[in-house]
Amino acid sequence: MKIVVLDGYTLNPGDLSWEPLEKLGSVEIHPRTPPEALISRAAGAQALLTNKVPLNAETIAALNDLRYIGVTATGVDIIDLAAARARVVVVTNVPAYGVDSVAQLTIALLLELCHRVGLHSDAVRAGEWSRSKDWSFTQTPQIELAGKTLGVVGFGRIGRRVAEIARALGMRVLVSSHHSKEPPPYDDVVRASLEELLMAADVVSLHCPLTAETRGLIDAKKLGMMKSAAFLLNTSRGALIDDRALTDALNQGRIAGAGLDVLAVEPPPPDNPLFAARNCIITPHMAWATREARARCIRTAIENFTAFRAGHPQNVVSG
């Protein structure tokens, strides 16, 4: 069986091994695949592994031998699931591999907004503490989280882990989720509508998938519901937020700050308005990328393919 990895570099830049996959068939591993090379590289493959290379209906229709698509990530918005289903192509994903890593960076973004550790470290290195007339100084307001309210939008595994950490910091937690049917794990975690959450939360953290329903979820109207002192965090999908609306809200002081690990277009164009927005911290979609999380991801991706070959596929995504 021919197996093609379309964009292996981000998942495995060289510190992990593809050897277990290479034992399962004839394997081609491409660090990256530009759109113009996609069809030629995927031709003849029965199995494709992709992290962010999109497979649309036209591409799937052109690959006559294709039987399996393994998404080496949790989100599957890069795959036309209806087209795959019509062609009887099995699509799997890797759930839960990055729960702790993504939750950790979510809280890191929040703490950076509260303390601006990097800014103060740079100031010390630049000699500002040495020149200070006082024994201590701050360049930004320092914010304590205990007693404040975190609003978690989307209450899957990552949202629950973020809520758990927030509770340990003394925060009250509100959750809004259309799809999670499980009750909140703690009595003091309260369910609310999205509108109620936005109005009450001191910090809003997004942890929902990108769907037709959630695209542009946080627009100018929703931002207008938030407190002027509130922070917005997004470690889910960039297109959940209207970039221009968020830029305006930050620059006009209608919300206090944002911590983003994702943007609507990645890599972003250099003129993305959020780059110049007030009190906006942006990291390059790296929450998932700890070595530990990537090792879990590649291991589960190979287990998914092994199960497919054995006739009992796991982690199958339905359209």
**Report entry** Any donor-acceptor N/O pair, Asp134 side chain to Ser136 backbone, under 3.5 Å
**Finding:** no
Report task. Determine yes or no for a side-chain-to-main-chain donor-acceptor pair under 3.5 angstrom, with Asn251 supplying the side chain and Ala277 the backbone. Result -> no
Query raised in the report: Is the side chain of Asn93 donor-acceptor paired with the backbone N or O of Thr74 at a distance under 3.5 Å, no angle test?
Result: yes
Requested in this report: Check the surroundings of atom CD in Glu36: do more than 12 heavy atoms from other residues, nucleotides or ligands lie under 6.0 Å from it?
Outcome: yes
Requested in this report: Could you tell me whether a side-chain N or O of Trp129 sits under 3.5 Å from a main-chain N or O of Trp135, the two making a donor and an acceptor?
Outcome: yes
Query - Any Arg296 side-chain heavy atom under 4.5 Å of Val94 side chain - result: no
**Report entry** Thr214 side-chain N/O to Thr211 backbone N/O, donor-acceptor pair under 3.5 Å
**Finding:** yes
Query - Pairing residues for Phe308 by the ring-ring contact (aromatic ring centres under 6.0 Å, His included) criterion, not counting sequence neighbours - result: Tyr68
Requested in this report: Answer yes or no: is there a side-chain heavy-atom contact under 4.5 Å between Leu113 and Leu233?
Outcome: yes
Requested in this report: Could you tell me whether Glu164 and Arg167 make a salt bridge, using a distance below 4.0 angstrom between a side-chain N and a carboxylate O?
Outcome: no
Report task. Find out whether Leu145 and Leu111 are in side-chain contact, i.e. whether some heavy atom of one side chain is under 4.5 Å from a heavy atom of the other. Result -> yes
Query raised in the report: Is the backbone N or O of Ile302 less than 3.5 Å from a side-chain atom of Thr306, with the two atoms forming a donor-acceptor pair by type?
Result: yes
Query raised in the report: For Arg215, does the CZ atom have more than 12 heavy-atom neighbours from other residues, nucleotides or ligands under 6.0 Å away?
Result: no
Query raised in the report: Can you find a pair of side-chain heavy atoms, one from His207 and one from Phe155, that are under 4.5 Å apart?
Result: no
Report task. Please determine which of Val91, Val71, Leu55 meets the side-chain contact (heavy atoms from CB on, under 4.5 Å) test together with Leu48. Result -> Leu55
Query raised in the report: Are a donor atom and an acceptor atom from the side chains of Arg41 and Thr33 found within less than 3.5 Å of each other?
Result: yes
Query - Identified side-chain hydrogen bond (donor to acceptor under 3.5 Å, both in side chains) counterpart of Arg294 within the set Thr10, Asp15, Thr72 - result: Asp15
Query - Test item: Gln142 side-chain N/O and Thr140 main-chain N/O as donor-acceptor pair under 3.5 Å - result: yes
Query raised in the report: Should we say atom OH of Tyr9 is surrounded by more than 12 heavy atoms from elsewhere, each under 6.0 Å from it?
Result: no
Query - Flag for Gln46-Asp65: side-chain donor and acceptor within less than 3.5 Å - result: no
Requested in this report: Answer whether the closest heavy-atom distance between the side chains of Val162 and Thr235 falls below 4.5 Å.
Outcome: no
Query - Beyond-backbone contact of Leu223 with Leu232, side-chain heavy atoms, under 4.5 angstrom - result: yes
Query raised in the report: Taking only residues two or more places apart in sequence, or in another chain, which ones meet His120 in a side-chain hydrogen bond (donor to acceptor under 3.5 Å, both in side chains)?
Result: none
Query - Exercise: do Asp261 and Thr283 side chains pair donor with acceptor under 3.5 Å - result: yes
**Report entry** Gap separating the OH atom of Tyr97 from the OG1 atom of Thr300, nearest 0.5 angstrom
**Finding:** 10.0 Å
**Report entry** pair Lys227-Met199: side-chain heavy atoms closer than 4.5 Å
**Finding:** no
Query - Nearest heavy-atom neighbours spanning Pro95 and Arg157 - result: CB-NH1, 3.9 Å
Query raised in the report: With a 4.5 Å heavy-atom cut-off, do Arg237 and His285 have their side chains touching?
Result: yes
Report task. Spell out, as yes or no, whether a donor-acceptor pair under 3.5 Å connects the side chain of Arg254 to the backbone of Ala220. Result -> no
